[in-house]
Each structure stands twice: as structure tokens, then as C-alpha cells.
Amino acid sequence: MQKFDGGRWELHLIQKARDFAFTAHLGQKRRLSDEPYFVHAENVARLLEESGLSKECIAAGYLHDVVEDTPITMDEITNVFGDKVSMLVKANTEDKSLNWEARKLHTINSIKTASFEEKALITADKLDNASSLLKHHERLGDEMWSSFKRGKAQQVWYYQQIGEQLEKYRKHDEPSDLLEEFLKVLAKLKKLS
Ligand SMILES: Nc1nc2c(ncn2[C@@H]2O[C@H](COP(=O)(O)OP(=O)(O)O)[C@@H](OP(=O)(O)OP(=O)(O)O)[C@H]2O)c(=O)[nH]1
């Protein structure tokens, strides 16, 4: 984080988001390993940082799952981190009262009108999740898919749809490094199926 030398506020926002997410996810584990859930939030924030995204987007990377997966509310995120971070988190938060198909279709369809930063957050999130699937498939094989609400075909369909929409709606002047990385992982994921 040292490379953010634009003032103490930048360090402060990102550090505050990191601490907040660490505490919110405390005790939660990822499904395919014993890793703390926070590791995923940290990976997403790191991908965004390496891609040169704004401090608000990096902060949202840390916070992207706290409303979906912990008792923290959107209002709390707005109060603590402000409107920009809050809108980015909201764009990446599913409505858990809906079924799997409705939630995933909503995310797929949201890409059409998403801002560049919203798309970057979705891409970093799905890149880390898809990389996790590839990594753990080596160890667990197809048994891995039973950890999720839908099996291999639907999971691969979901990532494929996300990739297609991200490609379709990328504006010509938007950086493509994260998307290219995601598409590489997606190609490997499809070979598993
Ligand atoms: N690949 C992978 N995913 C894991 C792991 N542990 C938890 N997950 C989460 O599982 C979610 C997908 O699980 P599903 O059973 O298909 O669906 P659901 O939780 O959304 O209902 C992903 O959420 P998502 O909504 O697609 O993304 P996110 O925004 O929650 O990160 C991902 O974050 C893991 O070890 N590996």
C-alpha cells in the first residue's frame, strides 16, 4: 500500500476498509479450504490495486462481500466509507432473498450498464473465485462442485456468461488486463467440464 503517496486519507480509507472487512469476516472460512474468508477479500483488493484502480474501488474490493455474507448493512457501509465505496459494494451485492438463478442472472445483466469500476470489481471477484476453483479441482476433483448450490454445468455457465458480458460491454478505452486474466482462467475452467 506504500505506493499510495497522495496523502494520509488514501492510506486511511484502504486501511480502514481492510480492518473493517477483516473483523466482519472473522470466523468465516472459504468453502474449498480452511482459509479465512478474508483471504478472498484481500485477493480481490490486491488485484484491483495491481490494476491501478482508485482507492475507493480497492476499499470496495475489501468490502464487497460484507453486506452479502455478514450482518453489516449497506447503510453502515455508506456511513463509514461514503457514497462512492457504498455504490461499488452495492453493485457487487446479491439479494440473498432471491433464488440462485435470479441472483446470478441479475449479476450477468447488471454488466450492461455498469461503470468501469463496477465491472473491474466484478472481474476481480470472479477471477479470484474461478482461480480458486481451478486450484482446488486439482486436489478435490469433481467432488469440489458439491460445495456449491449448483453443480459444474451451471457454475461454468455462470462464469461463461459473466466473461461474455464483460467482453461485450468493455469500452475500447477501458483497460483489459483483469478481463484478459479472467478469460484465461475461464478457458481452463471450461476444459474441466
Ligand atoms: N470459488 C470459490 N468460491 C467460494 C469459496 N468459498 C466461498 N465461495 C463463494 O461461493 C459463491 C458461489 O456459491 P454458490 O453456492 O454457487 O452460490 P451462492 O453462495 O451465491 O448462493 C461465490 O459467491 P459469488 O456471489 O459468486 O461471489 P462473491 O461476490 O460472493 O465472492 C463465492 O464467493 C471457495 O473456496 N471457492
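Ligands are counted one by one from 1 in listed order, and the atoms in each one are counted from 1 as well.
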Which atoms of ligand 1 are found less than 4.0 Å from any heavy atom of [X]?
X	result
His40	31 (O)
Glu94	20 (O), 25 (O)
Glu68	25 (O), 30 (O)
Trp100	14 (P), 16 (O), 17 (O), 21 (O)
Lys96	18 (P), 19 (O), 20 (O), 21 (O)
Leu133	1 (N)
Ser132	1 (N), 2 (C), 34 (C), 35 (O), 36 (N)
Lys126	24 (P), 26 (O), 27 (O), 29 (O)

Which of these, [options], has its nearest heavy atom closest to [atom]?
atom	options	answer
atom 23 (O) of ligand 1	Asp69, Ile122, Asn129, Val44	Asn129
atom 5 (C) of ligand 1	Lys29, Gln155, Arg30	Arg30
atom 21 (O) of ligand 1	Gln154, Lys149, His137	Lys149

Practice prompt. State whether Tyr169 and Lys112 meet the cation-pi test: NZ (Lys) or CZ (Arg) under 6.0 Å from the six-membered ring centroid, and within 45° of the perpendicular axis.
Written response: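 So Lys112 doesn't make the cation-pi contact.
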Discussion item. Ring of Phe81, cation from Lys16 - is the NZ or CZ under 6.0 Å from the centre and inside 45° of the axis?
Written reply: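 Judged by the rule (NZ or CZ under 6.0 Å from the ring centre, within 45° of its axis), Lys16 counts as positioned above Phe81.
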Worksheet item: Roughly how far, to the nearest 0.5 Å, is CG of Leu32 from CH2 of Trp145?
Response: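 Here the rounded value is 9.0 Å.
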Fill in: From Ser115 atom OG to Leu88 atom CG, the distance as rounded to the nearest 0.5 Å
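So the gap between those two atoms works out to 6.0 Å.
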Fill in: Contact check, Arg103 vs ligand 1, heavy-atom distance below 4.0 Å
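Yes.
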Discussion item. Checking contacts here: is it the side chain or the backbone of Leu32 that comes within 4.0 Å of ligand 1, counting heavy atoms only? Could be both or neither.
Written reply: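 Within the 4.0 Å criterion, Leu32 contacts ligand 1 through backbone and side-chain atoms alike.
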Fill in: Asp125, portion touching ligand 1 at heavy-atom distance under 4.0 Å
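Asp125 to ligand 1: side-chain contact only, backbone stays beyond 4.0 Å.
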Worksheet item: So is there a nitrogen or oxygen of Arg31 less than 3.5 Å from a nitrogen or oxygen in ligand 1?
Response: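 Indeed, backbone or side chain, Arg31 has an N or O that close.
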Worksheet item: Salt-bridged, Asp95 to Arg103, with N to O below 4.0 Å?
Response: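 Salt bridge: no.
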Practice prompt. Determine, for Glu42 against Arg18, whether the closest basic-nitrogen to carboxylate-oxygen distance falls under 4.0 angstrom.
Written response: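 The answer is yes: the pair qualifies as a salt bridge.
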Worksheet item: Taking atom types as modelled and ignoring hydrogens, do the side chains of His25 and Gln28 form a donor-acceptor contact shorter than 3.5 angstrom?
Response: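 Yes - a donor-acceptor pair under 3.5 Å links their side chains.
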Practice prompt. Indicate whether the side chain of Lys190 and that of Gln160 have a donor and an acceptor atom separated by less than 3.5 Å.
Written response: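 Yes - a donor-acceptor pair under 3.5 Å links their side chains.
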Fill in: Identity and separation of the nearest protein heavy atom to atom 12 (C) of ligand 1
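Protein heavy atom at minimum distance: Phe148 CD2, 3.9 Å.
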Practice prompt. Before giving the answer on salt bridge (Lys or Arg N to Asp or Glu O under 4.0 Å), spell out for Lys184 and Glu180 the whole-Å C-alpha distance, their side-chain angles and the decisive distance to 0.1 Å.
Written response: CA-CA 6 Å; Lys184 277 187 211 158; Glu180 279 164 24; over 6 Å; no
Worksheet item: Does atom CG of Asp34 have more than 12 heavy-atom neighbours, drawn from other residues, nucleotides or ligands, at distances under 6.0 Å?
Response: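 Open: at most 12 neighbouring heavy atoms sit under 6.0 Å from CG of Asp34.
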